[in-house]
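Because the structure is predicted, anything quoted here is derived from the model rather than measured.
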Amino acid sequence: MYYQDEGLNIGKVIRTLFFASVVITLLLLAWYLFTHGAVSISTNSKTAVVSIAPEDNQTSESTKSSDGQLFSILGTGTYIVTATEGDKQVKQLIVVTPFHILNRTLSLADIASSEPVTNFDSSSFITSSQGISLFDRNQKAISSIDSSNHFSTSDPKYRFDYVSWRSYGNGLATVHTGDSDERVFMAINSMIPTEVPLPTPLTNQTYLSFLAGRSGSDFITEDGILYRRSAEGRYERIVDVDKTATLLSASTTAVALLSSNAETDCKIHLVSLATKKMSDLPAHCSQSSGYSFNVSWSPQHRYTAIANGSSLKVYNDALQEQYTIPDSNASSPLWLSDTELTYIAKNSVWKYNIDTKTSTAIGTIPLYTTVTNLQKKEGSSDLYFTGITSESSSLYRLVNKEPAVDILKINESATSAITDNCSLHFVNLTSFNLIISTSKPLQTSCDTDVNNYLSTIGISKPPVQYDLALNQYTD
């Protein structure tokens, strides 16, 4: 009996363990089913590399394939799926849910090239069908390239500190005239500056920031007070702000400013023009000299995109965060429509779709180039930007063709001063022209120096415009 009971007990233990393992297996299966889902990704390329990574840790890929498609079972949560083929890239936010196969098709887009438009510094510029107006910080001058590709520059008696453009040939500026060290606030009309008053007299100790509004009104901050300036030059006090706050952008309903009281205390202020109330959003005090803080409103003001120093976030009209663009240090937001946003990240120009939460690379940026400005040509979808390297600054546009080799060569040479009295630039708005700046007596020797230089870098001499002590000659 003893041995029989012992056998029964052993059998009972085995049966118990068996049933327990079945229960545990079923529980694990249920847990797995409730915490995992399936993803099926296809693309328009059979050679695209497709990868999926958690949204909050995009360097840690969960799964990957190299044949343009991917099927995977993942834990529930939010992921970024990426398809890459050379310079082409597309990213989409996906949410994995239990008991569901998520099907997505990603379309890689053709990539536009960056074509140099001019190697004159374009710290501030505006472009339209009439041409391009730009502020050259290096020369402390304003210049224009008209629709006929003709280049002209301002009278050297005006030394421009900063310019904000409203439209082609029109804007606001702070200027030094003659040998004076005093700043003067001026309105620019048809490229001609004229002194205009401020709410209080301007001195070299005045904290001044200004923005030429493209929707009717200008905005000024002077020693911690935000004003709206009408087309007739009248000032309306809006609200008190930080004394050192600088204007970022404005729309018909709001104004955005950046304040930085210390290296760790930065804020973005949004001021409602209807209520004159100010909302604060945190900003990261970026240590990158090339980073561009910016605020951009969609055309119908449904969304606000804010580059805050570390990321690019999209908010709704109640300033509730909707999404963070899946690229670190994304900057220069610019709305193409109420649902499409362009921005700069990782040497590419991207287009983000609000509805599908998809980012698509649409253009390349030259290597080692920092973009500080991204603009759309007025009345057009053409995109222009300022590109800065350690040696030079150039204005570029995105084009669906390979730029001419000679233009790339002269732009990459990053040389403008041939000698002390002979400088060389180019313009390429409608055709490729050289701009040679010298004096009339030195024109022949300057020509020789330019010819030698062009031979050195291996390009043929294109048509030339001469800047000879304010007189424009065309060769």
Exercise. Should K351 and T342 be marked as a side-chain hydrogen bond (donor to acceptor under 3.5 Å, both in side chains) after you check the CA-CA gap, both sets of side-chain angles, and the distance that decides it?
Worked result: CA-CA 4 Å; K351 181 170 65 177; T342 57; over 6 Å; no
Exercise. Going through the distances and angles, do M186 and L172 end up as a side chain to side chain contact (heavy atoms under 4.5 Å, CB included)?
Worked result: CA-CA 6 Å; M186 291 190 166; L172 299 172; over 6 Å; no
Exercise. Should the pair K376 and W335 be classed as cation-pi, given the thresholds of under 6.0 Å to the six-membered ring centre and 45° from the axis?
Worked result: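 The answer is no; the distance or angle limit is not met.
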Pairing residues for [X] by the ring-ring contact (aromatic ring centres under 6.0 Å, His included) criterion, not counting sequence neighbours:
| X | answer |
| --- | --- |
| H36 | W31, Y32 |
| F71 | none |
| Y162 | F210 |
| Y323 | Y352 |

Does [X] reach the side chain of [Y], with side-chain heavy atoms less than 4.5 Å apart?
| X | Y | answer |
| --- | --- | --- |
| K276 | I238 | yes |
| S122 | F135 | no |
| Y303 | L341 | no |
| R159 | Q139 | no |
| S230 | E232 | yes |
| I220 | F185 | yes |
| M191 | I142 | yes |
| N189 | N170 | yes |

Look at [X] together with [Y] and state whether they make a salt bridge at an N to O cut-off of under 4.0 Å.
| X | Y | answer |
| --- | --- | --- |
| R166 | D218 | yes |
| D327 | K91 | yes |
| E85 | K46 | no |
| K267 | D242 | no |

Do [X] side-chain atoms and [Y] backbone N/O form a donor-acceptor pair below 3.5 Å?
| X | Y | value |
| --- | --- | --- |
| N353 | K357 | no |
| H176 | D181 | yes |
| S114 | T364 | yes |
| Y79 | L74 | no |
| N428 | T118 | no |

Seminar exercise, completed: Across all chains, not counting sequence neighbours, the side chain to side chain donor-acceptor pair (under 3.5 Å) partners of D317 are none
Gap between atom [atom2] of [Y] and atom [atom1] of [X] - 0.5 Å precision:
| X | Y | atom1 | atom2 | result |
| --- | --- | --- | --- | --- |
| S331 | I306 | OG | CD1 | 14.0 Å |
| S296 | L248 | OG | CG | 11.5 Å |
| S251 | L273 | OG | CG | 6.5 Å |
| E115 | N400 | CD | CG | 11.0 Å |

Problem set entry | With V239, the side chain to side chain contact (heavy atoms under 4.5 Å, CB included) member among T221, T275, L226 |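 For V239, the side chain to side chain contact (heavy atoms under 4.5 Å, CB included) check succeeds only for L226.
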Would you name the heavy atoms of [X] and [Y] that are closest together and state the gap between them?
| X | Y | result |
| --- | --- | --- |
| V50 | G68 | CG2-C, 3.8 Å |
| D121 | R137 | OD2-N, 2.7 Å |
| S260 | T244 | O-OG1, 4.1 Å |
| T358 | T356 | OG1-OG1, 3.0 Å |
| R397 | Y384 | NH1-OH, 3.5 Å |
| S148 | T430 | C-OG1, 4.0 Å |

For this session: Please test R104 against V81 for side chain to side chain contact (heavy atoms under 4.5 Å, CB included), starting from the C-alpha separation and ending with a verdict.
Result: CA-CA 9 Å; R104 287 288 185 270; V81 56; 5.7 Å; no
Exercise. Hey, what's the ring geometry for F34 with F99, parallel, tilted or perpendicular (30° and 60° as the breaks)?
Worked result: perpendicular
Exercise. According to the interplanar angle, ranging from 0 to 90°, do the rings of F426 and F432 count as parallel (below 30°), tilted (30 to 60°) or perpendicular (above 60°)?
Worked result: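 Rings of F426 and F432: perpendicular, as their planes differ by over 60°.
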Exercise. Where do T246 and S209 land on the side-chain hydrogen bond (donor to acceptor under 3.5 Å, both in side chains) test, with the steps shown first?
Worked result: CA-CA 5 Å; T246 56; S209 176; 5.4 Å; no
For this session: Could you check W297 against L270 for side chain to side chain contact (heavy atoms under 4.5 Å, CB included), going step by step and ending with a plain yes or no?
Result: CA-CA 11 Å; W297 290 268; L270 297 180; 4.2 Å; yes
For this session: In sequence, state the C-alpha distance, the side-chain angles, and the governing distance for F125 and S133, and then conclude on side chain to side chain contact (heavy atoms under 4.5 Å, CB included).
Result: CA-CA 6 Å; F125 74 92; S133 298; over 6 Å; no
Assess whether atom [atom1] of [X] is packed by more than 12 heavy atoms of other residues, nucleotides or ligands within 6.0 Å.
| X | atom1 | answer |
| --- | --- | --- |
| E321 | CD | yes |
| L319 | CG | yes |
| D110 | CG | no |

Exercise. Going through the checks in order, is the side-chain hydrogen bond (donor to acceptor under 3.5 Å, both in side chains) test met by T206 and T203?
Worked result: CA-CA 5 Å; T206 301; T203 70; 3.2 Å; yes
Between the side chains of [X] and [Y], is a donor N or O closer than 3.5 angstrom to an acceptor N or O?
| X | Y | result |
| --- | --- | --- |
| S423 | S416 | no |
| S298 | D338 | yes |
| D280 | H269 | yes |
| S144 | S152 | yes |
| N411 | Y396 | yes |
| Q89 | T82 | no |

Exercise. Can you check side-chain hydrogen bond (donor to acceptor under 3.5 Å, both in side chains) on E378 and T127, steps first, answer last?
Worked result: CA-CA 6 Å; E378 291 183 347; T127 177; over 6 Å; no
Seminar exercise, completed: Residues passing the salt bridge (charged side-chain N to carboxylate O under 4.0 Å, His left out) test with K157, sequence neighbours excluded, are none
